[in-house]
Amino acid sequence: MSRLITEILREKIEEVLVMNFPGMVEEKEIAVEPTREKSHGDFATNLAFILSRKVNKSPREVAANLQLSLSESLQDFARVEVAGGGFINFFLEDKVLFSFIQEAEGEKEDFGAINLGRGKKTQVEFVSVNPTGPLHVGHGKCAAFGDSLSRILKKAGFQVEKEYYVNDVGRQIDLLGASLEARFRQLLGEKVEIPEEGYQGEYLIPIAEKLLQERGREVLDLSPPERLEVFRNFAVQNILDNIRCDLDDFRVHFDVWFRESSLYQGGEAEEIISLLQERGYTYSKDGALWLKTSNWGDDKDRVLVRENGSPTYFASDIAYHWNKWKRGFQLVIDIWGADHHGYIPRMHAAMQALGLPQDFLEIFIVQFVTLLRGGQPERMSTRQGEFVPLRQLIDEVGVDVARYYFLMRDPATHLEFDIEEAKRQSMDNPVYYIQYAHARIASLFRETQKRGITPLPLTDSWSGFPTEQEREISKKIAYFPEMVGRSALSRQPYLICNYLQDLCGDFHSFYNLYRIIDEDNMELTSFRLGLCRAVQIVLKNAFQLLGISAPDTM
RNA sequence: GCGCCUGUAGCUCAAUAGGAUAGAGCAACGGACUUCUAAUCCGUAGGUUGGGGGUUCGAUUCCCUCCAGGCGCGCCA
């Protein structure tokens, strides 16, 4: 388990506060963050600004008063200075930073693991694409985000399960079955059209061929309900297999595939409706049953049971989330495509109606990918059959590039992804920039091995940081566990990407500035190799969080 | 019409729960490989943070308003 520098600083600040200003400031009001400017030290706190309001003194004065006790309390850890209008700056002791290099070396793949989540039972549900067609590029963005977020939460001490919700009932599935039947008949030479609202994509043709091969044309002799059932199931199963295969190749693996139909088979869809009725949040109007979602901020109330007696998708979705709750999850994270954002208020309202804790459900919206090809935007719609499959993107640019492009930005923002450009500029692609750092370090160790150099143990090779560059890099290493925490808390994998660009920038500069292997100075060489080793460990661990590979050669 | 997201350098984006002098990459220009991987590095240039108000020690960040773009507003899923 890794230590967090800001945690340590906070503890010390707390101690000083209890002594000097008991009960005056809440801990969450206090910010302890890295500084941007070197002259401001390594970390800084706004403590004095917060306190000044309460004690009616200038921030500068408050800071000056605190300086002495903070200095004493942080002895051997950091030097304390007051600057600006009242900032309190911390200058970490070099040996504290050095200890993190040792820690990385010692913990290896566990370096960066923290206990922020305290084993909280968490579910991340994502992708959950209707099994009516192949995954396209937009789904890839959801997949990369959900998967990476899960990995980060795990690293931060949450107990995480990844789930895919399969919408295998309803009109769309009937249409899918009918579309497959049309393709099937076309194979047999019949002149039939695919239903107007059906699925026109050619991906159903091989599935129809497979069905013909397995079951023969006798399928058509079945009674209409039986026949539809066969086509439906066959289509769903095969499309799901394809989806699973695409996801596998994209390095996304789900723990649970949950079928919507199981909610109906288990009677849970009906159950949830009675439950909501009992709680008194429903009413009948126009022959339908409504849930009073407007009680909790939705624009209007929503239908649970249609006039014709069948439950809506909304009803089964509530049942699904109730099921998650019953499975014991304390935190559920849903990742949805942007076209579902109008659905969020009613879902939160439903959770309230069920009396679930406010923070039980978190919903994240992933904005669409604007896919460009030579500057021309491409629309993605499963129904029209004109889409760019995720498979094609993987084949064209590779998994590492695709995942990284999706992850390097806040998923809530629109992403422009020009396939041609990603291919053409693949040489100065950001993902290669960071992987190159890893490969360079690997190469260093191949070189030392070739020359028969055995570095001294880290402790024996260290006598302070040779230059500012090594200190800066150590600081970034020491900050990695912190990044894991920030990224987990804010549910933002892209913070890891920014961090990596930063760390690798420092490393590449360092590498160009100094010769690392110098056989005439084994002490210095050993320290620098140790530092590189720690960088490599951090890179490898961070890449793992993003699901990209850590190449030894490029 | 209502709701959500977005607006920062020519382009793509940062700015770490309101922090100190708004930073990177690409594109442009000028430099660095007989020595550990030049997929790299160093330097130059580039800004009224969409406009206008407000909140306070401090605003790219929060609030109001206007402008521009994207998405959504079914007893579809």
Side-chain angles (χ1 to χ4, degrees), chain A residues 28 31 33-37 39-40 44-46 48-49 52-53 58-60 83-87 89 130 132 167 169-173 197 260 285-290 299-300 302-314 316-317 337-345 365 367-368 370 408-410 412-416 418 421 425-433 435-437 439-448 450-451 479 482-483 486-487 489-490 492 494-495 497-499 501-502 504-505 507-518 525 528-529 532 553-554:
Chain A
K28 62 175 180 186
E33 36 193 21
T35 56
R36 264 183 248 186
E37 176 109 8
S39 64
H40 298 152
T45 179
N46 63 350
F49 293 105
S52 76
R53 251 173 258 160
S58 80
R60 181 93 203 179
F87 284 96
N89 296 333
N130 293 344
T132 52
N167 299 119
V169 295
R171 209 172 78 94
Q172 38 148 9
I173 299 298
E197 289 176 280
E260 185 185 2
K285 193 183 88 181
D286 304 333
L289 186 71
W290 298 69
D299 312 344
K300 47 188 168 190
R302 308 289 171 174
V303 172
L304 287 172
V305 182
R306 301 185 187 96
E307 202 176 351
N308 69 11
S310 65
T312 58
Y313 177 81
F314 181 44
S316 68
D317 218 11
D339 51 338
H340 286 74
H341 77 243
Y343 200 75
I344 298 175
I365 286 301
Q367 286 290 344
F368 290 117
T370 308
M408 66 192 285
R409 302 272 137 78
D410 179 351
T413 64
H414 305 94
L415 175 71
E416 286 201 356
D418 194 315
E421 201 171 283
Q425 297 193 340
S426 65
M427 284 306 160
D428 42 28
N429 197 303
V431 67
Y432 294 125
Y433 182 80
Q435 287 182 321
Y436 188 55
R440 266 185 157 173
I441 296 171
S443 162
L444 274 176
F445 287 102
R446 279 195 298 274
E447 184 67 22
T448 53
K450 201 170 76 187
R451 297 197 207 169
Y479 199 63
E482 208 93 32
M483 272 326 295
R486 276 180 184 279
S487 177
L489 261 188
S490 60
Q492 288 292 15
Y494 84 91
L495 295 179
C497 299
N498 291 349
Y499 168 80
Q501 295 293 331
D502 211 27
C504 292
F507 174 76
H508 285 311
S509 296
F510 169 66
Y511 184 90
N512 272 276
L513 204 48
Y514 304 107
R515 183 139 279 273
I516 289 160
I517 301 170
D518 174 4
T525 298
R528 284 183 166 160
L529 284 173
C532 289
T553 57
M554 284 177 76

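Here is the naming used below: chain letters follow the sequence lines, and residue numbers restart at 1 for every chain.
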Which one, G72(B), C36(B), A20(B), comes nearest to the side chain of D339(A)? G72(B)
Contact class for D502(A) vs. all strands (heavy atom < 4.0 Å): base, sugar-phosphate, or nothing? nothing
For RNA chain B, consecutive-pair runs of 3 or more (Watson-Crick or G-U wobble, both H-bond-type distances under 3.5 Å) give B:1-7 with B:67-73, B:10-13 with B:23-26, B:28-32 with B:40-44, B:50-54 with B:62-66
Are E482(A) and R486(A) ion-paired here, with the side-chain N under 4.0 Å from a carboxylate O? no
Would you say A15(B) has OP1 or OP2 under 4.0 Å from some side-chain N or O of Y494(A)? yes
Considering non-hydrogen atoms only, spot the tightest contact between I173(A) and N167(A) and give its length. CD1-O, 3.5 Å
Could you tell me the separation between the CZ atom of R409(A) and the P atom of C5(B), rounded to a whole number of Å? 20 Å
Could you work out which one of C36(B), A77(B), U16(B) sits closest to the side chain of Q172(A)? A77(B)
Within the structure shown, what part of the strands sits under 4.0 Å from S52(A) by heavy-atom distance: base, sugar-phosphate, or nothing? nothing
Does N46(A) get its side chain close enough to the base of A20(B), under 3.5 Å, for a donor-acceptor pair? no
Closest heavy-atom pair, Y343(A) versus F314(A), reported as atoms and distance to 0.1 Å, is OH-CA, 3.2 Å
Using atom P of each nucleotide, how far apart are G50(B) and C57(B) to the nearest Å? 25 Å
Answer yes or no as to whether A20(B) has its base stacked against H40(A), where stacking requires a ring-centre separation under 5.5 angstrom and planes under 30 degrees apart. yes
Quickly work out the L495(A) CG to C13(B) P distance and round it to whole Å. 17 Å
Closest to the side chain of R171(A), out of C36(B), C76(B), U16(B), is C76(B)
Heavy atoms only, 4.0 Å cut-off, all strands: where does F510(A) land among base, sugar-phosphate and nothing? nothing
Sort out for me which residue in D502(A), L495(A), N498(A) forms a side chain to side chain contact (heavy atoms under 4.5 Å, CB included) with M483(A). L495(A)
Examine distances only and state if a side-chain atom of H40(A) and a backbone atom of A83(A) form a donor-acceptor pair shorter than 3.5 Å. no
Side-chain atoms of S443(A) come closest, of C36(B), C75(B), A38(B), to C36(B)
Given the C1' atoms of G58(B) and G18(B), what is the spacing between them in whole Å? 8 Å
With a 4.0 Å cut-off on heavy atoms, is A288(A) in touch with a base, just the backbone sugar-phosphate, or nothing at all? base
Distance between P atoms of C13(B) and G7(B) (Å, rounded): 9 Å
Counting side-chain heavy atoms from C-beta on, which of A39(B), U16(B), C36(B) comes nearest to M554(A)? A39(B)
Testing the basics here: between Q367(A) and A338(A), what is the closest heavy-atom pair and its distance to 0.1 Å? OE1-CB, 3.5 Å
Rounded distance (Å) that lies between atom C1' of C5(B) and atom CG of D410(A): 10 Å
For atom C1', what is the distance between U8(B) and U61(B), given to the nearest Å? 12 Å
What do you reckon, do F87(A) and the base of G19(B) stack, with centroid distance below 5.5 Å and planes below 30°? no
Out of A77(B), A20(B), U40(B), minimum distance to the side chain of T35(A) belongs to A20(B)
Can you tell me if the side-chain N/O atoms of R486(A) get under 4.0 Å from OP1 or OP2 in U16(B)? no
Whole angstrom is fine here: how far is it from CZ in R36(A) over to P in A22(B)? 9 Å
Is there a side-chain contact between T312(A) and R302(A) (heavy atoms, below 4.5 Å)? no
Classify the side chain of H341(A) versus the base of G3(B) as yes if they form a donor-acceptor pair under 3.5 Å and no if they do not. yes
5'-most by nearest nucleotide on RNA chain B - P34(A) or G170(A): P34(A)
Ring centroids of F49(A) and C57(B) base under 5.5 Å with planes under 30°: yes
Closest to the 5' end of RNA chain B, once N89(A) and Y514(A) are matched to their nearest nucleotides, is N89(A)
OP1 or OP2 of A39(B) sitting under 4.0 Å from any side-chain N/O of Y432(A)? no
E197(A) versus R171(A): any side-chain heavy-atom pair under 4.5 Å? yes
Do Q172(A) and T132(A) pair up side chain to side chain, a donor and an acceptor below 3.5 Å, judged on atom types alone? no
Integer-rounded Å distance: C36(B) P and R451(A) CZ: 8 Å
What nucleotide, of C57(B), U60(B), A14(B), holds the atom closest to the side chain of R53(A)? C57(B)
Measure CD1/I516(A) against C1'/U40(B) and give the value in whole Å, please. 12 Å
Who pairs with D339(A) by salt bridge (Lys or Arg N to Asp or Glu O under 4.0 Å), at least two apart in sequence or on another chain? none
For U49(B) versus U65(B), give the span between their P atoms, rounded off to a whole number of Å. 22 Å
Should C11(B) be called syn or anti, with syn set as within 90° of 0? anti
Side-chain N or O of R306(A) versus OP1/OP2 of C76(B): is the shortest distance under 4.0 Å? yes
Categorize A437(A) for me: base, sugar-phosphate, or nothing, with a 4.0 angstrom heavy-atom threshold over every strand shown. nothing
Which of the following nucleotides, C36(B), U12(B), G58(B), is nearest to the side chain of R515(A)? C36(B)
Describe the nucleic acid contact of A412(A) in one word from base, sugar-phosphate, nothing, applying a heavy-atom distance below 4.0 Å. sugar-phosphate
Suppose you measure atom P in C4(B) against the same atom in C63(B); what distance do you get, rounded to whole Å? 11 Å
Can you see if the side chain of R302(A) gets near the phosphate of C76(B) - specifically, an N or O under 4.0 Å from OP1 or OP2? no
Please find the pair of heavy atoms, one from T448(A) and one from L529(A), that lie closest to each other, and give the distance. CG2-CD1, 3.7 Å
M408(A) CE - U16(B) P separation (whole Å): 18 Å
Closest heavy-atom pair and its distance - C532(A), F510(A): SG-CE2, 4.4 Å
Rounded P spacing from G54(B) to A59(B) in Å: 12 Å
U37(B) P sits how many Å from R446(A) CZ, rounded? 7 Å
Say you pick atom C1' in U56(B) and the same atom in G10(B); how far apart are they, in whole Å? 36 Å
What one should report as the nearest heavy-atom pair of A44(A) and N89(A) is CB-OD1, 3.3 Å
Closest to the side chain of Q367(A), out of G70(B), C57(B), U37(B), is G70(B)
Assign a letter to each nucleotide of nucleotides 41-47 of chain B from its 5' end: B, base within under 4.0 Å of a protein heavy atom; S, sugar-phosphate only; -, no contact. SS-----
Face-on cation placement of R528(A) at Y514(A) ring, 6.0 Å and 45° thresholds: yes
